[in-house]
Amino acid sequence: MPVSDFEMISAWQQVLKLSNLEPGQSVTILTSANTHPQTLSAALVATQSMGAVVNRLDLPPVNADKALSRDALAYLGTTPLTGNRAAIAALKESDLVLDLMTLLFSPEQHDILKSGTKILLAVEPPEVLVRLLPNAADRERVRAASARIRQAREMHTVSDAGTDIRFALGDFPAISEYGYVDEPGRWDHWPSGFALTWPNEGSAEGRIVIDRGDILLPQKSYVSEPISITIENGYATRIEGGVDAELLSAYMASFNDPEAYAFSHIGWGLQPRAHWSTLGLYDREATIGMDARAYEGNFLFSFGPNNEAGGSRTTACHIDIPLRGCTVRLDGVDMVRNGKVLDGH
Ligand SMILES: O=c1ccc(O)c[nH]1
(Lines give C-alpha, C1' and ligand atoms only; values in the text may rest on other atoms or scores of the structure.)
Protein backbone atom coordinates (compact mmCIF):
# COMPACT_ATOMS: atom_id res chain seq x y z
CA MET A 1 0.00 0.00 0.00
CA PRO A 2 1.20 3.58 -0.57
CA VAL A 3 3.28 5.17 2.17
CA SER A 4 2.78 8.77 3.32
CA ASP A 5 5.73 11.13 3.18
CA PHE A 6 5.42 11.47 6.96
CA GLU A 7 5.74 7.68 7.40
CA MET A 8 8.72 7.48 5.04
CA ILE A 9 10.53 10.36 6.73
CA SER A 10 9.86 8.83 10.17
CA ALA A 11 11.17 5.45 8.93
CA TRP A 12 14.37 7.09 7.68
CA GLN A 13 14.75 8.94 11.00
CA GLN A 14 14.51 5.64 12.91
CA VAL A 15 17.08 3.90 10.68
CA LEU A 16 19.43 6.91 10.81
CA LYS A 17 19.12 7.04 14.59
CA LEU A 18 19.93 3.32 14.82
CA SER A 19 22.87 4.12 12.51
CA ASN A 20 24.16 6.68 15.06
CA LEU A 21 23.95 9.64 12.66
CA GLU A 22 25.23 12.73 14.53
CA PRO A 23 24.54 16.44 13.81
CA GLY A 24 27.26 17.90 11.57
CA GLN A 25 28.18 14.57 9.97
CA SER A 26 28.36 14.45 6.18
CA VAL A 27 25.85 12.28 4.32
CA THR A 28 25.97 11.60 0.58
CA ILE A 29 22.83 10.19 -1.00
CA LEU A 30 23.88 8.12 -4.01
CA THR A 31 21.27 8.00 -6.77
CA SER A 32 20.88 6.87 -10.36
CA ALA A 33 18.12 6.22 -12.89
CA ASN A 34 16.45 3.52 -10.74
CA THR A 35 16.20 5.54 -7.53
CA HIS A 36 12.68 5.73 -6.02
CA PRO A 37 11.67 9.43 -5.78
CA GLN A 38 9.83 9.13 -2.45
CA THR A 39 12.69 7.21 -0.83
CA LEU A 40 15.04 9.98 -2.01
CA SER A 41 12.90 12.95 -0.97
CA ALA A 42 12.25 11.42 2.47
CA ALA A 43 15.97 10.70 2.95
CA LEU A 44 16.85 14.32 2.12
CA VAL A 45 14.35 15.61 4.73
CA ALA A 46 15.23 13.04 7.41
CA THR A 47 19.00 13.60 7.20
CA GLN A 48 18.63 17.39 7.33
CA SER A 49 16.16 17.13 10.24
CA MET A 50 18.95 15.34 12.16
CA GLY A 51 21.48 18.10 11.48
CA ALA A 52 23.56 16.26 8.88
CA VAL A 53 25.41 18.06 6.08
CA VAL A 54 23.75 16.41 3.08
CA ASN A 55 24.52 16.19 -0.61
CA ARG A 56 23.23 14.09 -3.43
CA LEU A 57 25.44 12.37 -5.98
CA ASP A 58 23.61 11.24 -9.09
CA LEU A 59 25.46 8.85 -11.41
CA PRO A 60 24.51 7.75 -14.94
CA PRO A 61 23.38 4.09 -15.19
CA VAL A 62 25.68 1.47 -16.78
CA ASN A 63 25.58 -2.12 -18.11
CA ALA A 64 22.58 -1.62 -20.42
CA ASP A 65 24.60 -3.17 -23.25
CA LYS A 66 25.51 -6.26 -21.18
CA ALA A 67 22.83 -7.08 -18.59
CA LEU A 68 19.83 -9.28 -19.46
CA SER A 69 17.82 -7.87 -16.54
CA ARG A 70 17.18 -4.43 -15.06
CA ASP A 71 17.65 -5.84 -11.55
CA ALA A 72 20.78 -4.09 -10.22
CA LEU A 73 21.78 -7.29 -8.34
CA ALA A 74 21.70 -9.38 -11.53
CA TYR A 75 24.79 -7.95 -13.21
CA LEU A 76 27.71 -7.25 -10.89
CA GLY A 77 31.22 -5.86 -11.02
CA THR A 78 31.04 -2.61 -12.90
CA THR A 79 28.80 0.02 -11.33
CA PRO A 80 28.15 3.69 -12.15
CA LEU A 81 30.98 4.36 -9.70
CA THR A 82 33.61 2.32 -11.58
CA GLY A 83 36.46 4.61 -12.67
CA ASN A 84 34.72 7.71 -11.32
CA ARG A 85 37.51 9.15 -9.16
CA ALA A 86 35.67 12.33 -8.20
CA ALA A 87 32.58 10.41 -7.04
CA ILE A 88 34.69 7.89 -5.10
CA ALA A 89 36.56 10.75 -3.41
CA ALA A 90 33.28 12.35 -2.34
CA LEU A 91 31.98 9.07 -0.88
CA LYS A 92 35.25 8.43 0.97
CA GLU A 93 34.94 11.89 2.50
CA SER A 94 31.40 11.13 3.70
CA ASP A 95 30.58 9.70 7.15
CA LEU A 96 27.53 7.95 5.72
CA VAL A 97 26.44 7.00 2.19
CA LEU A 98 22.79 6.18 1.55
CA ASP A 99 23.02 3.94 -1.54
CA LEU A 100 19.74 4.32 -3.42
CA MET A 101 21.43 2.99 -6.57
CA THR A 102 23.10 -0.40 -5.67
CA LEU A 103 26.87 -0.66 -5.27
CA LEU A 104 26.77 -4.19 -3.83
CA PHE A 105 29.63 -6.54 -4.81
CA SER A 106 31.65 -3.70 -6.29
CA PRO A 107 35.40 -3.27 -5.62
CA GLU A 108 34.72 0.45 -5.17
CA GLN A 109 32.40 -0.31 -2.24
CA HIS A 110 35.27 -2.00 -0.36
CA ASP A 111 37.54 0.93 -1.05
CA ILE A 112 35.01 3.37 0.38
CA LEU A 113 34.24 1.25 3.47
CA LYS A 114 37.96 0.96 4.23
CA SER A 115 38.05 4.72 4.67
CA GLY A 116 35.57 4.35 7.56
CA THR A 117 32.55 5.51 5.56
CA LYS A 118 29.33 3.65 6.39
CA ILE A 119 27.14 2.50 3.46
CA LEU A 120 23.45 1.66 3.77
CA LEU A 121 21.77 0.16 0.68
CA ALA A 122 18.05 0.93 0.35
CA VAL A 123 16.41 0.23 -3.02
CA GLU A 124 13.23 -1.74 -2.14
CA PRO A 125 9.91 0.14 -2.60
CA PRO A 126 8.86 2.46 0.27
CA GLU A 127 6.13 0.14 1.59
CA VAL A 128 8.63 -2.74 1.87
CA LEU A 129 11.12 -0.46 3.65
CA VAL A 130 8.42 0.66 6.10
CA ARG A 131 7.11 -2.90 6.71
CA LEU A 132 10.63 -4.24 7.28
CA LEU A 133 11.88 -1.33 9.39
CA PRO A 134 14.85 -2.75 11.36
CA ASN A 135 15.16 -2.74 15.16
CA ALA A 136 17.75 -3.62 17.80
CA ALA A 137 16.18 -7.07 18.37
CA ASP A 138 16.80 -7.94 14.69
CA ARG A 139 20.44 -6.92 15.19
CA GLU A 140 20.92 -9.08 18.28
CA ARG A 141 19.36 -12.14 16.67
CA VAL A 142 21.34 -11.88 13.43
CA ARG A 143 24.60 -11.21 15.27
CA ALA A 144 24.02 -14.26 17.48
CA ALA A 145 23.56 -16.42 14.37
CA SER A 146 26.66 -14.92 12.73
CA ALA A 147 28.65 -15.66 15.88
CA ARG A 148 27.65 -19.33 15.58
CA ILE A 149 28.76 -19.33 11.94
CA ARG A 150 32.05 -17.66 12.90
CA GLN A 151 32.85 -20.50 15.34
CA ALA A 152 31.90 -23.28 12.93
CA ARG A 153 34.13 -25.32 10.63
CA GLU A 154 31.38 -27.01 8.63
CA MET A 155 27.89 -26.13 7.39
CA HIS A 156 25.79 -29.15 6.35
CA THR A 157 22.37 -28.54 4.78
CA VAL A 158 19.84 -31.28 4.09
CA SER A 159 16.16 -31.39 3.08
CA ASP A 160 13.39 -33.92 2.36
CA ALA A 161 13.50 -32.66 -1.24
CA GLY A 162 16.96 -34.23 -1.56
CA THR A 163 19.43 -31.47 -0.69
CA ASP A 164 22.55 -32.80 1.00
CA ILE A 165 25.49 -30.43 0.78
CA ARG A 166 28.51 -29.73 2.93
CA PHE A 167 30.65 -26.59 3.07
CA ALA A 168 33.95 -26.12 4.91
CA LEU A 169 33.97 -22.78 6.77
CA GLY A 170 36.59 -20.56 8.32
CA ASP A 171 38.40 -18.80 5.49
CA PHE A 172 35.84 -16.00 5.13
CA PRO A 173 34.04 -13.72 7.57
CA ALA A 174 30.54 -14.28 8.92
CA ILE A 175 28.31 -11.35 7.95
CA SER A 176 25.27 -9.95 9.77
CA GLU A 177 22.69 -8.12 7.67
CA TYR A 178 20.18 -6.41 9.94
CA GLY A 179 19.26 -3.19 8.15
CA TYR A 180 21.36 -0.38 9.62
CA VAL A 181 24.97 0.79 9.90
CA ASP A 182 25.87 1.42 13.53
CA GLU A 183 29.66 1.14 13.24
CA PRO A 184 32.23 3.00 11.11
CA GLY A 185 33.15 1.08 7.95
CA ARG A 186 29.99 -1.04 8.08
CA TRP A 187 27.83 -1.93 5.08
CA ASP A 188 24.26 -3.11 5.48
CA HIS A 189 21.04 -3.43 3.49
CA TRP A 190 17.66 -2.08 4.59
CA PRO A 191 15.59 -4.30 4.47
CA SER A 192 17.30 -7.53 5.44
CA GLY A 193 17.63 -9.84 8.43
CA PHE A 194 19.93 -12.77 7.70
CA ALA A 195 23.31 -14.24 8.61
CA LEU A 196 25.73 -15.40 5.95
CA THR A 197 29.27 -16.43 5.11
CA TRP A 198 31.16 -17.86 2.13
CA PRO A 199 32.37 -21.48 1.90
CA ASN A 200 36.11 -22.10 1.80
CA GLU A 201 37.12 -22.05 -1.85
CA GLY A 202 36.43 -25.36 -3.60
CA SER A 203 34.95 -26.99 -0.48
CA ALA A 204 31.26 -27.29 -1.41
CA GLU A 205 30.33 -30.92 -2.13
CA GLY A 206 27.03 -32.70 -2.66
CA ARG A 207 23.66 -31.96 -4.16
CA ILE A 208 21.15 -29.13 -3.91
CA VAL A 209 17.53 -29.67 -4.89
CA ILE A 210 15.60 -26.48 -5.60
CA ASP A 211 12.10 -27.75 -4.90
CA ARG A 212 8.65 -26.64 -6.15
CA GLY A 213 7.92 -23.18 -4.73
CA ASP A 214 11.55 -22.30 -4.05
CA ILE A 215 12.58 -18.93 -5.49
CA LEU A 216 15.21 -17.96 -8.06
CA LEU A 217 16.57 -14.39 -7.91
CA PRO A 218 16.93 -12.29 -10.10
CA GLN A 219 14.44 -14.38 -12.08
CA LYS A 220 11.90 -13.70 -9.29
CA SER A 221 10.17 -16.95 -10.13
CA TYR A 222 8.78 -19.74 -7.97
CA VAL A 223 10.17 -23.00 -9.36
CA SER A 224 7.37 -25.26 -10.66
CA GLU A 225 9.38 -28.48 -10.92
CA PRO A 226 12.47 -29.52 -8.96
CA ILE A 227 15.95 -28.53 -10.13
CA SER A 228 18.74 -30.88 -9.04
CA ILE A 229 22.24 -29.37 -8.93
CA THR A 230 25.37 -31.46 -8.52
CA ILE A 231 28.15 -29.65 -6.66
CA GLU A 232 31.77 -30.82 -6.96
CA ASN A 233 34.86 -29.02 -5.63
CA GLY A 234 32.88 -25.85 -5.01
CA TYR A 235 31.23 -25.59 -8.44
CA ALA A 236 27.85 -26.55 -9.89
CA THR A 237 28.74 -29.23 -12.43
CA ARG A 238 25.25 -30.39 -13.45
CA ILE A 239 21.89 -28.59 -13.42
CA GLU A 240 19.06 -31.07 -14.13
CA GLY A 241 15.28 -30.84 -14.26
CA GLY A 242 12.55 -29.42 -16.48
CA VAL A 243 12.08 -26.03 -18.07
CA ASP A 244 13.05 -24.16 -14.86
CA ALA A 245 16.39 -25.96 -14.90
CA GLU A 246 16.84 -25.17 -18.59
CA LEU A 247 16.04 -21.50 -18.01
CA LEU A 248 18.50 -21.28 -15.09
CA SER A 249 21.18 -23.09 -17.10
CA ALA A 250 20.68 -20.89 -20.15
CA TYR A 251 20.79 -17.71 -18.04
CA MET A 252 24.02 -18.74 -16.27
CA ALA A 253 25.58 -19.87 -19.58
CA SER A 254 24.83 -16.44 -21.09
CA PHE A 255 27.60 -14.98 -18.89
CA ASN A 256 30.11 -17.30 -20.54
CA ASP A 257 32.07 -17.38 -17.28
CA PRO A 258 33.00 -20.58 -15.37
CA GLU A 259 33.07 -18.54 -12.14
CA ALA A 260 29.28 -18.08 -12.42
CA TYR A 261 28.98 -21.72 -11.20
CA ALA A 262 30.98 -21.19 -8.01
CA PHE A 263 29.40 -20.44 -4.63
CA SER A 264 28.85 -16.98 -3.36
CA HIS A 265 27.31 -16.57 0.12
CA ILE A 266 25.43 -19.19 2.20
CA GLY A 267 23.33 -18.74 5.33
CA TRP A 268 19.76 -18.48 6.61
CA GLY A 269 16.89 -15.99 6.93
CA LEU A 270 15.98 -14.46 10.30
CA GLN A 271 13.41 -11.79 9.44
CA PRO A 272 9.97 -12.72 10.89
CA ARG A 273 8.30 -9.79 9.13
CA ALA A 274 9.49 -10.99 5.70
CA HIS A 275 7.43 -13.60 3.83
CA TRP A 276 8.05 -16.31 1.25
CA SER A 277 4.74 -15.43 -0.41
CA THR A 278 5.37 -11.69 -0.90
CA LEU A 279 7.18 -12.06 -4.22
CA GLY A 280 4.03 -13.51 -5.78
CA LEU A 281 2.14 -10.30 -4.98
CA TYR A 282 4.49 -7.98 -6.88
CA ASP A 283 5.15 -7.25 -10.51
CA ARG A 284 8.49 -8.84 -11.27
CA GLU A 285 10.49 -5.63 -11.56
CA ALA A 286 8.79 -3.78 -8.70
CA THR A 287 11.07 -5.32 -6.08
CA ILE A 288 14.50 -6.96 -5.86
CA GLY A 289 12.96 -9.69 -3.66
CA MET A 290 14.36 -8.99 -0.20
CA ASP A 291 11.38 -10.73 1.45
CA ALA A 292 12.55 -13.88 -0.33
CA ARG A 293 16.14 -13.44 0.82
CA ALA A 294 15.24 -12.67 4.44
CA TYR A 295 12.16 -14.74 5.37
CA GLU A 296 12.74 -16.58 8.62
CA GLY A 297 13.98 -20.16 8.26
CA ASN A 298 15.10 -20.10 4.62
CA PHE A 299 18.43 -21.58 3.61
CA LEU A 300 19.80 -18.83 1.35
CA PHE A 301 22.62 -19.86 -0.96
CA SER A 302 23.98 -18.10 -4.00
CA PHE A 303 26.19 -18.61 -7.02
CA GLY A 304 28.73 -16.06 -8.17
CA PRO A 305 31.47 -13.86 -6.73
CA ASN A 306 33.27 -14.00 -3.40
CA ASN A 307 35.18 -10.74 -3.71
CA GLU A 308 32.58 -9.27 -1.31
CA ALA A 309 34.13 -11.49 1.37
CA GLY A 310 37.73 -10.71 0.43
CA GLY A 311 37.99 -13.61 -2.03
CA SER A 312 39.60 -13.34 -5.46
CA ARG A 313 36.68 -14.50 -7.55
CA THR A 314 34.64 -11.93 -9.41
CA THR A 315 31.92 -12.64 -11.96
CA ALA A 316 29.05 -10.54 -13.23
CA CYS A 317 26.59 -13.40 -12.59
CA HIS A 318 24.91 -13.55 -9.18
CA ILE A 319 22.00 -15.86 -8.40
CA ASP A 320 20.35 -15.86 -4.96
CA ILE A 321 18.27 -18.98 -4.16
CA PRO A 322 16.38 -19.17 -0.83
CA LEU A 323 15.16 -22.74 -0.09
CA ARG A 324 12.24 -23.77 2.15
CA GLY A 325 12.14 -26.72 4.49
CA CYS A 326 15.88 -27.22 4.97
CA THR A 327 17.83 -28.29 8.04
CA VAL A 328 21.03 -26.25 8.41
CA ARG A 329 23.68 -27.73 10.74
CA LEU A 330 26.87 -26.13 12.02
CA ASP A 331 29.41 -28.72 13.18
CA GLY A 332 26.55 -31.19 13.59
CA VAL A 333 24.26 -28.86 15.59
CA ASP A 334 20.91 -27.88 14.01
CA MET A 335 20.48 -24.10 13.61
CA VAL A 336 17.41 -24.41 11.37
CA ARG A 337 15.31 -27.59 11.37
CA ASN A 338 12.90 -28.27 8.46
CA GLY A 339 12.70 -24.56 7.74
CA LYS A 340 12.19 -23.46 11.37
CA VAL A 341 14.88 -21.42 13.11
CA LEU A 342 15.70 -23.05 16.46
CA ASP A 343 15.59 -20.66 19.42
CA GLY A 344 18.76 -18.77 20.02
CA HIS A 345 20.08 -19.32 16.48
O1 LIG B 1 21.41 -7.83 0.87
C2 LIG B 1 21.79 -8.64 0.02
C3 LIG B 1 21.25 -8.69 -1.24
C4 LIG B 1 21.70 -9.60 -2.12
C5 LIG B 1 22.71 -10.46 -1.76
O6 LIG B 1 23.14 -11.37 -2.65
C7 LIG B 1 23.24 -10.41 -0.54
N8 LIG B 1 22.79 -9.50 0.38
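Read the numbers this way: they start at 1 and go in the same order the structure lists the ligands and their atoms.
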Novice: What pairs with His189 under ring pair (Phe, Tyr, Trp, His ring centres under 6.0 Å), at least two apart in sequence or on another chain?
Specialist: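 If we apply the ring pair (Phe, Tyr, Trp, His ring centres under 6.0 Å) test to His189, skipping adjacent residues, there are no hits.
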Novice: Side-chain contact, heavy-atom cut-off 4.5 Å: Glu124 with Met290?
Specialist: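 Yes. Closest side-chain heavy atoms under 4.5 Å.
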Novice: Got a salt bridge between Asp188 and Lys118, using NZ or NE/NH1/NH2 to carboxylate O under 4.0 Å?
Specialist: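 Looking at Lys118 together with Asp188, the answer is no, because their closest N to O distance does not fall below 4.0 Å.
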Novice: Sorted by first residue and then second, give each salt bridge (Lys or Arg N to Asp or Glu O under 4.0 Å) pair with at least one member in residues 250-263; sequence neighbours left out.
Specialist: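 Only Glu259-Arg313 qualify under salt bridge (Lys or Arg N to Asp or Glu O under 4.0 Å).
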Novice: Which pairs, with at least one residue in residues 39-51 and sequence neighbours excluded, count as a side-chain hydrogen bond (donor to acceptor under 3.5 Å, both in side chains)?
Specialist: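 Every pair satisfying side-chain hydrogen bond (donor to acceptor under 3.5 Å, both in side chains) with a residue in residues 39-51: Gln13-Ser49.
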Novice: Are Asp182 and Arg139 within salt-bridge range, i.e. N to O under 4.0 Å?
Specialist: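 Yes, Asp182 and Arg139 are salt-bridged.
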Novice: Which protein residues come within less than 4.0 angstrom of ligand 1, counting heavy atoms only?
Specialist: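 Close residues (ligand 1, cut-off 4.0 Å): Leu73, Leu104, Phe105, Glu177, Trp187, His189, Phe194, His265, Met290, Arg293, His318, Asp320.
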